[in-house]
Amino acid sequence: QVNQAELLLFSVPAYACQRRTTLVNHNTALTDALSLLAENAELSEEEGRGVAFRRAAAVLKALPSVVTSMAQLEGLPCLGGHSLRVIRDVLENGASHEAETTKQSERYKALKVLTGIFGVGAKTADRWIREGIHTLQQLRESAQTLNRAQQAGLDHYDDLNQPVSQTEADAIGDIVQKAVACVLPGAQVTLTGGFRRGKDTGHDVDFLITHPEEGREVGLMPKIVSWLESRGFLLYQKTTRNSYLESMDGPGRPASNMDRFERCLSIFKLPDVEPQGTKEGPISAAPQKRWRAVRVDLVVSPISQFAFALLGWTGSKLFERELRRWAGHEKAMSLSSHALHDNTQSRYLRASSEEEIFAHLSLEYIPPSERNA
Ligand code: ATP
Ligand code: MN
Ligand code: MN
């Protein structure tokens, strides 16, 4: 007697950029466990393991219904032995022992808290933990010197760890739009990142800015930043200038997947936009804060690279990684947020839309709302 569910086999292409992954996930119990292990691997600087767990989770996110038995996973790509053991544990016992143990471990908890500070990565968190710092309190009391980003991150810790809503993203969008319209009329602002993919919350808000006339965007970022700063909208900002041309020492391959656009990582001071509710509290409480800190990323791209920048900054991170892997391994091309280089023909392939880039890569076009791998 064969169980009905076991007859339901899934079929999924190997690369996430060949699949449509919406925000509807039928297998959150499985993907939560795998994502937690992926995060733990990344925080422990085990990138390879992290990617393996991310890929496995992404395959399950793309399935059209809930997985109920191991037999249904037959033939699915990207499910290695370790991921399969985690899945089996969840299916048989309702939870992954490894994921639960990890979640409760002191090291994971400390890594989460410390890397929750803007400007603190896995390396710094690891060093602090080895020096006995596991909590914000311990960090504040320690003699550690923090850089400007980390200090701002610590100052605004609670705000920055509260998800940004769509209403807040819209309000930030209005401010950025106004700044850009004032300093360079005709320049265009596009929402990217998770909000462009349709997510209803984010850890930050991402924008890409360009001008339809090539070259007019040069020097734009400092002007936007001054406008925002003079009106009190910035709690922190760090602007990095465009270094794309300097980096062109090989055939279209900047050394890492970091792009080289003029960019600004910032913390906005956003006046309250959400209804505040009726907070109970002592009458004599300190005056209520009427703003909150929100992380905002601004990127400026010349119009000739706009499609590549838009594709590169829309995410998800795994989708981007998979696009580059597909380009390299299957098409002998190098894809970045600046350009697409055909290594066989030794030439750059132009594109003025995301659709054209997918076509160059012989991929079916996947809209942003289905790039949630
Ligand atoms: P969240 O809601 O958590 O913000 P997100 O998908 O918007 O999710 P981000 O970290 O804001 O995540 O990144 C958005 C996109 O920008 C991703 O596709 C990522 O690859 C790209 N990106 C982020 N930082 C860089 C960088 N330094 N260089 C190039 N691309 C980057
Ligand atoms: Mn984002
Ligand atoms: Mn971002």
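Indexing begins at 1, ligand by ligand and atom by atom, following the structure's order. Only this structure's heavy atoms are used, side chains among them; waters, hydrogens and symmetry mates stay out.
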Report task. Record the part of Asp204 in heavy-atom contact with ligand 1 below 4.0 Å; permitted values are side chain, backbone, both and neither. Result -> both
Report summary line: For the Mn ion (ligand 3), the nearest N/O/S atom on Asp297 is atom OD2
Requested in this report: Decide yes or no for Leu228 and Phe268: does some side-chain heavy atom of the first lie under 4.5 Å from some side-chain heavy atom of the second?
Outcome: yes
Query raised in the report: Side chains of Asp170 and Gln166: do they bring a donor and an acceptor to under 3.5 Å?
Result: no
Query raised in the report: Taking only heavy atoms of Gly202, which atoms of ligand 1 are found under 4.0 Å from at least one of them?
Result: 2 (O)
Query raised in the report: Under 3.5 Å between some N or O of ligand 1 and some N or O of Asp297?
Result: no
Query - Per-atom contacts of ligand 1 with Lys199, taking only distances under 4.0 Å to non-hydrogen atoms - result: 1 (P), 2 (O), 3 (O), 8 (O)
Query - Any Gly312 heavy atom less than 4.0 Å from ligand 1 - result: yes
**Report entry** Under-4.0 Å salt bridge between Glu274 and Arg292
**Finding:** no
Requested in this report: For Gly194, take its heavy atoms, then give the atoms of ligand 1 lying under 4.0 Å from any of them.
Outcome: 5 (P), 6 (O), 7 (O)
**Report entry** Atom of Asp206 closest to the Mn ion (ligand 3), considering N, O or S atoms
**Finding:** OD1
Requested in this report: Decide, yes or no, whether a salt bridge links Glu322 with Arg19 under the criterion of side-chain N to carboxylate O below 4.0 Å.
Outcome: no
Query raised in the report: Counting from 1, what ligand 1 atoms have a heavy atom of Gly193 closer than 4.0 Å?
Result: 7 (O)
Requested in this report: Would you please classify the geometry between the Trp227 ring and the Phe233 ring as parallel, tilted or perpendicular, with 30° and 60° separating the classes?
Outcome: parallel
Query raised in the report: Would Arg107 and Asp126 pass as an ion pair if we require N to O under 4.0 Å?
Result: yes
Requested in this report: Have a look at His203, Arg263, Arg196 and point out the one with the heavy atom closest to atom 1 (P) of ligand 1.
Outcome: His203
Query raised in the report: Are any of the N or O atoms of Ser316 closer than 3.5 Å to those of ligand 1?
Result: no
Query raised in the report: Any heavy atom of Arg197 sitting closer than 4.0 Å to ligand 1?
Result: yes
Query raised in the report: Would Asp204 count as a contact for the Mn ion (ligand 2), in the sense that one of its N, O or S atoms lies under 2.8 Å from it?
Result: yes
**Report entry** Nitrogen or oxygen atoms of Gly315 and ligand 1 under 3.5 Å apart
**Finding:** yes
Query raised in the report: Do Tyr236 and Leu270 share a hydrophobic cluster (ILVMFWY, side-chain heavy atoms under 4.5 Å, transitive)?
Result: no
Query raised in the report: Any ion pair linking Glu98 and Arg85 (charged N to carboxylate O, less than 4.0 Å)?
Result: no
Query raised in the report: Which atoms of ligand 1 have any heavy atom of Asp206 under 4.0 Å away?
Result: 7 (O), 11 (O)
Requested in this report: Start with the C-alpha gap between His211 and Glu217, add the side-chain angles, then the distance that decides, and say whether side chain to side chain donor-acceptor pair (under 3.5 Å) holds.
Outcome: CA-CA 6 Å; His211 190 285; Glu217 81 292 343; over 6 Å; no
Query - N-O pairing of Lys317 and Glu320 below 4.0 Å - result: no
